[in-house]
Each structure stands twice: as C-alpha cells, then as structure tokens.
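Below: one structure, written as structure tokens.
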Amino acid sequence: MNLRKPSYDYQNIEKKWAKKWQDSHLYEVDIQNAKKPFYNLWMFPYPSGAKMHVGHAFASTGSDIIGRYKRMQGYDVFQPMGFDAFGIHGENYAIKVNEHPWHLMEKLSDEFRDTQFKRIGHGIDWSKELRTYWPSYYKWTQWIFIKLYENGLAEQKKAKVNWCPSCKTVLADEQVIGGECERCGTQVEKRELEQWFFKITKFADKLLKNLNHIDWSKRIVEAQRNWIGKKEGIEITYDVVRNSKPGVSDESENSPQGEEKIGKVVCFTTRPDTNFGATFVVLAPEHDLVKKILSGEIKVYDEDSKNSELIEQIKKYVTEAINKSDVERLAEGKKKTGAFTGLYAVNQLTGYRMPLWISDFVLGDYGTGAVVGVPAHDTRDFEFAKEFGLEIIRVVKSADDSDGGSADDDGEITDISQVQEDEGVMINSGFLNGMNIQDAIEKMKDYLEEKGWGKRVVTFRLRDWSISRQRYWGAPIPVVYCDKCGTVPVPEEDLPVELPFVDEWKPSGDGKGPLANIPEFVNTTCPKCGAPAKRETDTFDNFLDSAWYFFRYPFVNREDVPFATPSLEKSDDSEPNSEAFKKWLPVTLYLGGPEHAVLHLMYTRFITMAFEEIGLIDFDEPFERFVAHGHITMGGKKMSKSLGNIVIPDDYMNEIGADALRMYLMFLGPLESAGDFNDDGISGITKFLDRVWNLMHDSAKSQSDKSSEKVLKKLHKTIKGVSEDIENFKYNTAISKLMELVNVWNEKSESLTLVDSVKFLKLLAPFAPFITEEIYQEIVVEAGNYDVVEKDCLSRRNVKQKDASEKVLQSNELVSSSSLNSAKLSSSLDSPNSLNSSDTSDSSKSLTSNDVLDDGNNNVTDTTENVSTEFISIHVQCWPEYDKSLIAENFMSIPVQINGKVKRVLKNIPVDIEEEDLKSLALKEVQDLIVGKDVVKVIYVKDRLISVVVR
RNA sequence: GGGCGAGUGGCGGAACUGGCAGACGCGCGAGACUUAAAAUCUCGUUCCCUUUACGGGAGUGUGGGUUCGAGUCCCACCUCGCCCACCA
C-alpha cells in the first residue's frame, strides 16, 4: 500500500480524541430525560469473520454522518451498537477455526468494538451495548417466545422443512436462496420434522397493507410485496371419477358407462377464464389424495392386480420426488416428470374427463397442492402436456387482428412460443367468447360461484416462520415437555433457560440439536406439576435475536423488563421507563443493507405487530424510516471471502487515518447505491484534508477581520447545499461542495473571519470528526474564542452542557451496575457447566476499558481523569445556518437559444430585469444569426434561459 | 420466467420539477519551485474540424417519438447489476 498520507499528525490526533470522547461520555444519551430524541439505528453486525470489513465501515459511517448532523442540530441522538453474535453464522465460523463459540464471539466482538468501531470515529453510545448471546439479553428473547406462545402466535407442528445437510439444521423459507442455504450455499433438502413456528401469516394482510404508507426505500417495499405474494383467485372443486377415459363424454350430465364417482379435488387458480381449455389436473406428491391412493383407501381399478401394479409405480415416483432437493428438481430444467393416477377429474364446463396426474412441479404447500392444467395458455402446463401427450385446446386468441389472423393466431398450438398467457380474447369458451381476459376472469368467477363449483379465495406466498434450529449456539427454546401436562412454557421467573457451556457443541446431523445429548440439560421437572419432564433441545433461529434488539437498546440496563411500556412497567422509575419508551420508539431512522429485505426486516415488522396484538405496545411498525444502503464492490464484484477481495479498513486507518477513510468511502458514490472500492482516488481526500489544515492554521486566511465577499457567498451556499445533501444521504456531493468552497477560499485574495471559518469546520465535522475536533479545540476552545464564536447558540449549549455533566455521573453508575448484573445473571444459573461468570464480568469490564486506545505509542497526555471537567466538543455545537441574503445573486447570466441550441450567453444581467427588456436584449444579441428569418416566438424561462424560435 | 435498479469523458461520478451536459475528485498533459526527485502550486483536459484566437460540428447504451428545447418524458430494443423464482 503506497498512499498519499495526510501531512498532519492524524495518528495521535485520532487517538487523543477517541479517548477524550469516551472518557467524557460525549455520545452517551440520557434516555430518560432527553428532550429531542432521534433514534439513529444501524443494523448491528455479526462477527462471522475475524475482522469487520470495509462494507461495515462504509455503511456505519453513512449512519454516523446523519447522526452527527442531527446532534449538531440539537437532537439527542441515540446511536447504540451491539453484536448479533448468537446463531449459525458465528457458530459456523467457530467450527471453521475450531474454537468454542462463546470464547470466540466474545473475543471477536471485543475486537470489532475496540480496535475498529471505536477507532473509526462514530458517535456511538457504548454504555448501551448489547450482544445477543449474553444471558441478560436472551432471557428476554425467550420471554418473547413465551408471550407469543401464550397468545397463540407460536405453534409446534410437524412439517416438511428445509434441511441444510452441511449446517445440519432446519432453515426458514427466507433463509433458502435458490434452493441453497443462505449461510453456506449447500443444497437444501426436505425433511419432515416437528418444529416451532411463529405465525407470521396471521399478519400477511397487514404486512402488505402497511407497505403502502411506511417510509422505506422503495426496493425493499417491492421485495416485501413480492415475497408476501398476495394473489386473488378461485378454488374450483372437481369431481374425481374412476373407470373413465380421457376427453369429453357424450353424456356429460350422466356418467359414461361404468364410471364411478369417488371423491373431489380442489384446485386453486388465478385464471379460471381458461377453464374451457382445461384438459388435466396435477397433484403435488404430498397431496392427500395421493396418500389415500397409496394407502389403498381409494382404489383406482376394481381388479386388485391392476391396482397394485399402479400403486407400485406411483409409490416409486412419489418417493423419488419427495426426496429430491429443490436444486435437483431445478437442475432437471423444464423437463417435466410425473405419474398418472388412473383417475379423472370432471370439468363441469365441458364434461371433459381430465386425467389426474402427480408431478413434482406442483408444490404441496402452495394453494391447494393441486393445479388444473390448461396447456394452451400456461407454459408449464404446455410442457407437461407435451411430455405426456395430453390434449391442448386453445381458448384465447390474440386481441388485435392487424396481422390478418395468421395461422398462428387461432389455430392449433404446437410450440411453446405460441402459448399465450397474458392477453387476448376468449374463443372456444361458450359464454365467454369474445371477451377479453380480465372481464372473462371475473365473469367465470361469478359463474362458478353461482353454480357452487368454486369459491373466491386469497392466497399468500408468505409461510409461517420456522424458528427451531438443531444447533448449539442459540438461545434454548424455553419449553418443557411433561407426560401429564404436555407442552409447558418455562415460567418467567425461571428464565433464562441458560445455554450450558459444553465441549461437545458441534452439530451432529441426526435431526436433533447437540443439547439433546446432555442429560443434565434435557432432564428437568415440569414447572406445572413437578413430575420429571424433558426440555426442548432445539435453539432459536438467530433472526429472532435480531428481530427485537432495537426495543432493548434504550432499556439495556433494566433487569426487570425487556423494555418499558405502560403494560410492562413495574416499579422502578429511576431508570428509563414507559415515558422514555414513548419518546424513543418507534426507531427514528434505520439504515441497513437491502439483502435483509425479506429476512430481518420482515421479522422485525412481524414482531412489532405481534407486540401490538399482545398489547405490549401501541404502534405496529418498528421504524419511522428505513434507508437501504448500497454495497461497496471490488472490481465491480461483490466483496466475498470466496473471491478473496475483502478489504479490511484497519490498514487504511493506519495508512491514511479514519477521517480520510470515512471521507473517501463517502465520496465513492451516493450512500444508497455505493460504489467500487479502488484506492486510486484517496489522494484527493488527503490533499483536501491537508488544505483544510493549512487554511485553518493560516490566520491571514481563517482569522481575517472581514470575510471577503466571494468566499463568504460560497460559504453560505455551501451551508445550504451540504445540509440538504446530508438530509438526502448524498454525502458524495456534500463532500464535493466542501471541496469547492476550499478551492475558492484558497484563492489569493480570499479570506474568512474566525467565526466564518469555524462555520466551515462544522460542516466538515460529521464527515471528518477527528481533524475538526483538533482544530476546534486549538483555535476556539484553547485560544479562548468560544464565547465569540458560538455567541449565536450559547444559550442552547449552556443548557446542553449542564445536562451532560449531570448525566456523566449517572451513566457511570449504570455501566458498573450492568456489569454486575450480567455476572450475577449467569452465575446464578446452576445448569451444568454454566457459562463461567468471570467470562461475563470480564467482558463487561472491557466495556469501559481503554486498553486498545492506550497502546504503547502513548504521547497523549491524560488530562481526562476528572470526567466532570466540562468538555466543549465541536460535535455538540450548533450546526451553522445560512443567510438567505448572501445566497441571492444580483446578477445572472442567461443563455440564448435559437431553435433549441445555445448560441450566445448574456452576462451580468440584473436579476430584477423586466422580461420584455431581457427579450429585446437577447434578440439584439443574436441579431446577426437571425437575419432574413421570421421570429415565431420568444420563450423566457425565468432565471434560466431565453429560447428564440425562428423559421 | 418475474420484480427492482442502472447504462453519461481514460476512471469514480455531477446535472432540483425537461432549460448552458460532464460539478467534484482521480488520472493525464504543460508550466512554476528544485541541482534533481518527491511534495506543493498554476493552467489545461468529452470527441472531431480549423495552424490559431475567434469559430464550427457531433455527443449521455441502440432505434423511433413528444417538445422551441430531452441525460431527464413516451414507445420498442440491447447490455449489465441485484433480488425472487416450476408460486398455478
């Protein structure tokens, strides 16, 4: 790495202020008494690798900048941080490096926090840190499960679920990407297991409806809408018969000879309009009717020998199909497989006896698990019909006859390219003939309902959320199974059900979690009747840990409640209570990656709705605003371990400093689309920081008696522009505006007063917190200029500073009491090999330690012992305001177009010129260009341009 | 196959509701300072034509359209990225 470094001593400056901010508790928020709360949340990271990478640095800096800006605007900005270190991602990494997840996660989280996050200059309130694997946290995760269970939102059922053979656990639908495990990329299999589910489908409609009004990045809203997948269709019930034959029976009312009605089959379709063209019905291999055929409950043929032969074939097909993984099914491409049942379904519209098939392209858990095949107007049906020689009947033709009704149009369909799916006019469809598809759909639905053959229904793609995991590293599901009492949730006073610290923690793959092998854990007594009972041995999906963490942050020090709301409030009013809850939640702004669109973000919405339904809270959406950031790429590709193109920010912080790294990352592109990491451009940033340093240390430039007009105007335009850009997360253009200002300021004759120079410094502060603090302390605080520089906002700040020094004492107490608490929590639990209590208290202690910031190179004088000393940081001063009169221009230049092309530019035009005067000026200007032509009209776009139209 | 987004100099990227395309930065070129290099500073830098000032022409993925005027709006297409996907 050979980068242009800043020429000032950024290393020591950054070290010094990181420590000072920490010691003075600058970013700690008084949750209880805050006046203008702004809950600025960034998705907490999960340490699934040794170091946080540059993507984390990029996104968290994006969150920090708006937080710093809001803080300077006088908001009480709460910017908490924690680690999502419980669960499969961390455990997989622990397996890889062969360390116990408890030690590993503690170590990695500490490192993320102390060597990376604290160094990069974020305004984080570390006194509210949480980690999802701390018993003091997961106690409440378990509590939430019990609340949902008590309110009928959690249930246990046997279900065919996604099984990852590599991670050796079940996965939720959302965690299977293209048939592969979200974590490790292994092909997912299907297994039938007894699992716990959260009934997210109960809120399907609400989850969808709220999407219309929540202020979230559009792409996330669309992704969720698709994932929920609401479809309005109809369920059509067909009679199932045996001893029949395919095709239209002559006597559709009376059965053909020997035909015998033996049951019904219900098919879901969104396209009943094409039902005159339905020629077969396909069942999913899991369908009830298939089970009945296999069990012999339904006989296909009278003769036993023929029957059992058929059953053998069906059994063979079904067994293969069920055991196939999704990827294997897809790998076979569009080639359809299937088995004929020997039965027929009767199409009431036509009397057509539709052969009843079984095929794995029909999904058992969507719709009714049965589809009616219209091969002429559905590509999948067409492929199936072609494969098995089923009849294809056209019932839709192209709507426009302009191509002269070519043979292609209403003739026989022989090729997949002729299959019309979306638009056209009905033919061969009795009373629907001549109608367009949309009208025909409605008409047919009415007709089928009238006849009693069908029923309008709404289906959703969304499935219930499977939360059981057969893994060690997660919160145990707090349930006990008793022979007498059945399923009994663990009572609140017995929580947490602690995860025992064991040596044998790796997954075994037998469908049970490692906890099942620990008798001391499994064997317990029933909380209800006291009889011997067994514990549930699965653990929670880690997405449950993160589904509610933002509720916990403000209340992380409360032991008695997960968070305080009127319904949960107990006695203690000295710590954040339900009044505080109202101030801080829902979260003001949430920033995170779009890859969580249908995972984490859907779950947080579900949990919030569940809390509301239970009566814990009175709102139903977790975040007032959600902004999805883009991803930093490397050579146009996503950064990933497999590509080996991961960039670690530490090297850059060493080389160019945190300020320069922050600014460089933000300069790459807009936050919401990000950019490609290529360190070629870094010198532009370090050069800029040097210029700032030099300007601010050149008193002729930055402490002039009077600000020169040109740069003063530029300053005020910049104040306006930077403020707007930050509000819109366009940090890249905000930085370019700061650069423009510096370029003007650098001109020979340009200078600013101290007050104006500091205004610029403040604009830079959210982007480069260290250098701006250093300069501010030097030329404002230490030089005794504070009262002069901040005279416009002294009144506000005086109050603020006072609050802060009171708060300092309070939060010191909170920190020490929380370390005691978590130590107490884990040691008081007497499960076998209980998590070592010293581990926990050590980690809590490191919460306030400065080891890393105080490394060997210590020429920082420690004047910060006495925390009550007032510390006047630039980061809590007023954000500058611009002066409208200084932004207004007296003169403008107006381009003159002839027939839309710019030909001349009128310069130094007074802004208050009369339109007519300006027009004649313009015509005079272009006189030579329009001789001999008629001026048709002259258009004046106010303050923009003049357009002359000639002929 | 479906959804979303994006295609602008050598590069990253600017351009509010249609109104001087290429801000800012990198890179590159020239110059100043220096014994020299680095650093720094100044000037230039979309392409083409004109020896040049002046000037002219073309130009925002492709082809059409609307408009006095289109990177921006409409239609068709191409390419790339991300997400979802045998979802009836």
Determine: side-chain N/O of A:Lys687 to OP1/OP2 of B:C26, distance under 4.0 Å, yes or no.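 Yes, A:Lys687 has a side-chain N/O under 4.0 Å of OP1/OP2 on B:C26.
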
According to a strict under-4.0 Å criterion, is A:Arg380 in side-chain N/O contact with OP1 or OP2 of B:C87?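 It does, given that an N or O in the side chain of A:Arg380 lies less than 4.0 Å from OP1 or OP2 of B:C87.
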
Name all pairs fulfilling the salt bridge (charged side-chain N to carboxylate O under 4.0 Å, His left out) condition that reach into residues 684-697 of chain A, sequence neighbours left out, sorted by first residue then second.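 The answer is A:Arg4-A:Asp690.
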
Among [options], find the nucleotide with the atom closest to the side chain of [X].
X        : options             : answer
A:Arg4   : B:C4, B:U40, B:C20  : B:U40
A:Lys218 : B:G19, B:G25, B:C4  : B:C4
A:Lys336 : B:C86, B:C24, B:C20 : B:C86
A:Glu222 : B:C20, B:C4, B:C68  : B:C4

A:Arg904 near the nucleic acid: base, sugar-phosphate alone, or nothing, with a heavy-atom cut-off under 4.0 Å?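 If one applies the 4.0 Å heavy-atom cut-off, A:Arg904 turns out to touch nothing in the nucleic acid.
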
Using the 3.5 Å cut-off, write out each protein N or O paired with an N or O of nucleotides 12-15 of chain B and the distance between them.
| unit_1 | atom_1 | unit_2 | atom_2 | d |
| --- | --- | --- | --- | --- |
| B:G12 | O2' | A:Leu668 | O | 3.1 |
| B:G13 | O3' | A:Asn732 | ND2 | 3.4 |
| B:A14 | OP1 | A:Asn732 | ND2 | 3.1 |
| B:A15 | OP1 | A:Lys730 | NZ | 2.9 |

Nearest heavy-atom pair of A:Pro375 and A:Glu391: which atoms, and what distance?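 That closest heavy-atom pairing would be CG-O, 3.3 Å.
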
If every non-hydrogen atom of A:Leu390 is compared with every non-hydrogen atom of A:Pro355, which pair is closest and at what distance?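 Shortest heavy-atom contact: CD2-CG, 3.8 Å.
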
Which of these, A:Glu235, A:Glu232, A:Glu442, sits in a salt bridge (Lys or Arg N to Asp or Glu O under 4.0 Å) with A:Arg456?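 Considering A:Glu235, A:Glu232, A:Glu442, a salt bridge (Lys or Arg N to Asp or Glu O under 4.0 Å) with A:Arg456 is found only for A:Glu442.
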
Does the gap between the ring centers of A:Trp357 and A:Phe384 come in under 6.0 Å?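 Centroid distance A:Trp357-A:Phe384: below 6.0 Å, so yes.
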
Would you call B:G61 syn or anti, using the 90° rule around 0?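 In terms of base orientation relative to the sugar, B:G61 is anti.
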
To the nearest 0.5 Å, tell me how far A:Tyr664 OH sits from A:Leu689 CG.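 Between atom OH of A:Tyr664 and atom CG of A:Leu689 there are 14.0 Å.
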
Sort out the partner of B:A85 for me: Watson-Crick or G-U wobble, both distances under 3.5 Å, none otherwise.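 Base partner found: none.
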
Hunt down the Watson-Crick or G-U wobble partner of B:C77, both distances under 3.5 Å, from any strand shown, or write none.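 In the structure as shown, B:C77 has B:G61 as its Watson-Crick or wobble partner.
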
Mark yes or no: A:Lys336 above the aromatic ring of A:Phe388, with NZ or CZ under 6.0 Å from the six-membered ring centre and no more than 45 degrees from the axis.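 Negative - A:Lys336 is either too far from the ring of A:Phe388 or too far off its axis.
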
With nearest nucleotides of RNA chain B determined for A:Tyr366 and A:Val949 from heavy-atom distances, which residue corresponds to the more 5′ nucleotide?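 Closest to the 5' end, via its nearest nucleotide, is A:Val949.
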
Using the closest heavy atom to pick a nucleotide of RNA chain B for each, name whichever of A:Asp365 or A:Asp690 lands nearer the 5' end.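 Closest to the 5' end, via its nearest nucleotide, is A:Asp690.
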
